[in-house]
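Step one of this worksheet: look at the structure below.
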Amino acid sequence: MSSWYFITNVCGENLSALPPLPRHRPEQLGSYKMLWPELLEVTPTSIAYMCLGGFIVAFSMLSLLAREKLYVNEVVIGTAFGVFMGPYFAGIFNPRDWGHHSSTITLEVMRIVLATGLFAIGVELPKSYMARHAKSLLAMVVPTMAIGWVVVAGLLRALFPGLSFISCLAISACLTPTDPIICAAIVGGKFARKHVPLNLRHIISAESAANDGLAYPFLTLAIYLTVDQSKSEAIAHWIVIGWLYQVFMGVLIGALAGWGFSSLMKFSHSKGFIDRESYVAQYLALAVFITGLVKSLGSDDLLAAFAAGSAISWDGDFNVHTEGEIFASVIDLLLNCACFIYIGAWIPFNEFTIPELGISPWRLIVLAIGILFLRRIPAILMLYKFIPEISSWKEALFCGHFGPMGVGAVFISTLAIHKLGEPHVALETQRDVLTRSLEPIVAFVVLASIIIHGLSIPFFNLGRNVSRTVSIQVTATATSVRSRHLAPEWLHHINRYVVGTQPANNTPEMTVVPPDDVENNAVKADKMSAIPSLESLSKTYSGQAGPSSPRAVNVSTEELMVPNLMVNDSELFRRRPTSANSEIYAQSNTSTMKDEVPSNDAGEFVEIDVAVPPKSVHFPETRSE
């Protein structure tokens, strides 16, 4: 039986015996359509997951182009994505729709990201760094923060007359610390690794981590002066609670916890109880644990996280076990992307204009420009001579410029609002005015800082490329003018020497074939045959040394064309022949280019001095030139 017969008859009969498929009536299809919306579960949480995961996938596809070519990191791109997905543009993701707990969620998201970043900075610093550079950090952190705190408060007082000076100090305390997350993303990039000295990168990272935790005393002083009944009570609370309990106790708990965990991990490793993967997991686990512990005690959890990271890697043992692992970098990328997407969607664009508080866009723009130029740059320029890691005013200017505001400013401002409480609708007291003004002012300055500091490296790189292009064009133009001769300009003045030896004392006798016009950079056409060819790749020795026959030595042009060599005219040796006896004499500020050739059968050597006029030497900047 053929296969065709089987298909057409046997299968056909069996299929025809099957009952027909049911056909749904239109009213039944309508009931299915009614069930479809009930199956969907579109919640703010699911939308947040989609935004975060989708952005990280898209950014990862172009991460090499963004970071290594365009020098734009996840901070700028993540914030831009959050702004676009936020309530004022696409309206897809809005952190303020999460009910009355939205401010608490904002505070805790910023806390975890900051604590993890500070712990990582402490771990990645060289061993015993805080002890060896304590003087520099003390001179860089405390005076710079104090000066910037007062200066920014003065700017706020001048631009917003409705705020008292104490309220301006509270807002300024939120803008004083340098954000360690943005600093780590900028200083750890390819451009910084290539152009910024290592000691400067370390001091910027350590300073950003230290002053982020030291923002607590500046904030608590202003809050105690606002909330307490008397100034003496406020000062007492500030010293006892703000400094002793929060700052010093937080640092002590963090350092002891870090040292204890370090000793425990060494013991566990010596017994073979811990593996390499568990060492790497401590980046996240210890940071979260210490943050929760110190927060429960009411101390400074950010400084505790940084102190714990520094204590764990104090002897460098922790770094040895985690060297080469990328887990910490992956965690940093995930947390940074999530945090700055959140900040972009959190920024309250509708509050940048509040007439009853005197808040307007032009005032905020002037404030951002003033903070950019006056918050850190003058203080660093005055103090850099006391900081050995900063060797020049240019490096001081660089350190002063890179003081971005981001996650730390959002965290401190949200913490201040929690401590001050909800304001009254009528804005009855200065406390209500401060609480109402904190968020829009800090949010605008953070947005401006992310844009300016995040795009500084791309603009620096663009300026370098434009300057290099202009320099190459100028050099190419000058070279094309000189190329009308048969040889480069510097080649016109290479003297050709004839070297001989005396039979008595083997002292070399040097005679000079003078050029036609050395000073005016001119060579006659009939003398060009004496100039060696540019294609010559080695020395050409003619004649044979001996007691009676001098030997002529032609030095090829390749002996003098040395790429990528910086030559100072004052260091070159210049010799001129005299009209009487062709003797060589040296002028001041001289040096020689020497070569050695055998002079006789005994194997003795004669030293040759090749004189090169300084004005006629041109060393190309690159090999292509």
Side-chain angles (χ1 to χ4, degrees), residues 143-179 211-212 214-227 231 234 238 242 347-380 400-401 403-421 423 427-453:
T144 303
M145 290 188 69
I147 294 172
W149 182 46
V150 176
V151 169
V152 174
L155 289 173
L156 288 167
R157 178 62 177 164
L159 291 171
F160 304 98
L163 294 170
S164 65
F165 188 70
I166 301 299
S167 300
C168 293
L169 287 175
I171 300 176
S172 177
C174 303
L175 302 174
T176 296
T178 301
D179 188 70
N211 69 12
D212 211 71
L214 284 176
Y216 273 92
F218 294 94
L219 176 66
T220 53
L221 175 61
I223 290 179
Y224 287 141
L225 289 174
T226 302
V227 175
K231 292 183 179 180
W238 179 60
I347 294 175
F349 288 92
N350 62 334
E351 296 182 0
F352 291 161
T353 301
I354 306 178
E356 58 269 22
L357 296 177
I359 298 176
S360 60
W362 75 266
R363 293 178 187 268
L364 295 174
I365 292 174
V366 173
L367 175 65
I369 295 174
I371 290 176
L372 177 65
F373 288 101
L374 301 178
R375 170 172 157 261
R376 283 173 54 87
I377 293 178
I380 297 293
H401 171 71
M405 294 152 284
V407 184
V410 176
F411 172 76
I412 297 296
S413 63
T414 309
L415 180 65
I417 292 174
H418 274 256
K419 290 183 176 294
L420 291 171
L427 302 178
E428 300 173 353
T429 62
Q430 185 63 218
R431 180 175 178 177
D432 297 334
V433 174
L434 172 60
T435 307
R436 189 73 176 86
S437 303
L438 256 172
E439 194 170 273
I441 293 177
V442 172
F444 185 88
V445 175
V446 166
L447 178 62
S449 177
I450 291 174
I451 295 173
I452 294 172
H453 294 103

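Bear in mind that the values here come from a model prediction, so they are computed numbers and not experimental data.
A side-chain donor-acceptor contact under 3.5 Å links Arg431 to the backbone of Leu420. For the pair Gln430 (side chain) and Thr226 (backbone), a donor-acceptor distance under 3.5 Å is absent. For Arg375 (side chain) and Gly148 (main-chain N/O), no donor-acceptor pair under 3.5 Å exists by modelled atom type. Side-chain atoms of Ser167 never come within 3.5 Å of backbone atoms of Leu163 as a donor-acceptor pair (strictly under, hydrogens ignored). Counting only distance, with no hydrogens or angles, the side chain of Asp212 and the backbone of Gly408 share no donor-acceptor pair below 3.5 Å. Side-chain atoms of Arg363 do not come within 3.5 Å of backbone N or O of Phe160 as any donor-acceptor pair. A donor-acceptor contact shorter than 3.5 Å links the side chain of Trp238 to the backbone of Pro217. Side-chain atoms of Thr220 come within 3.5 Å of backbone N or O of Tyr216 as a donor-acceptor pair.
Put simply, the side chain of Phe165 does not reach to within 4.5 Å of the side chain of Leu225, judged on heavy atoms. With contacts defined as side-chain heavy-atom distances shorter than 4.5 Å, the pair Ile441/Leu156 qualifies. Considering only heavy atoms from C-beta on, Phe444 comes within 4.5 Å of Ile365 through its side chain. For the pair Leu438/Cys174, a side-chain contact is recorded, criterion being any heavy-atom separation below 4.5 Å from C-beta on. By the 4.5 Å heavy-atom criterion applied to side chains, Thr176 and Asn211 are not counted as neighbours. Using a 4.5 Å cut-off on side-chain heavy atoms (C-beta onward), Trp149 and Leu219 make no contact. Annotation: side chain of Glu439 is in contact with side chain of Pro348 (closest heavy-atom distance under 4.5 Å).
We find the CD1-CD1 distance between Ile377 and Ile380 to be 9.5 Å, quoted to the nearest 0.5 Å. For the atom pair OG (Ser172) and CE (Met145), the distance works out to 9.5 Å, reported to the nearest 0.5 Å. One finds the OG1 atom of Thr429 at 8.5 Å from the CG atom of Leu427 (value rounded to the nearest 0.5 Å). Expressed to the nearest 0.5 Å, how far CG of Leu434 lies from CD1 of Ile417 amounts to 8.5 Å. Rounding to the nearest 0.5 angstrom, the gap separating the CH2 atom in Trp362 from the CG atom in Leu367 is 11.0 Å. Note that CD1 of Ile369 and CG of Leu374 are 11.0 Å apart. Values are rounded to the nearest 0.5 Å.
Of all the heavy atoms in Ala215 and Pro177, the pair that sits closest is CB-CG, 3.8 Å. Counting all heavy atoms, side chain and backbone alike, Phe352 lies closest to Pro440 at CE2-O, 3.5 Å. Nearest heavy-atom pair across Thr435 and Gly421 is CG2-O, 3.3 Å. Of all heavy-atom pairs between Gly162 and Val433, the closest is O-CG1, 4.1 Å. Across all non-hydrogen atoms, the minimal contact from Pro361 to Thr353 is CD-OG1, 3.4 Å.
Taking the six-membered ring for Trp and thresholds of 30 and 60 degrees, His401 and His453 have ring planes inclined between 30 and 60 degrees apart.
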Under the criterion side chain to side chain contact (heavy atoms under 4.5 Å, CB included), I'd like the reasoning laid out for Ile223 against Phe218: C-alpha separation, chi angles, the key distance, then a yes or no.
CA-CA 9 Å; Ile223 290 179; Phe218 294 94; over 6 Å; no
Test side chain to side chain contact (heavy atoms under 4.5 Å, CB included) applied to Arg436 and Ile354, step by step:
CA-CA 10 Å; Arg436 189 73 176 86; Ile354 306 178; 3.8 Å; yes
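Remark: Phe373 CZ is loosely packed, at most 12 non-hydrogen atoms of other residues, nucleotides or ligands lying under 6.0 Å away.
The side chain to side chain contact (heavy atoms under 4.5 Å, CB included) test with Met405 is passed by exactly one of Val410, Thr178, Leu175, Val442: Leu175.
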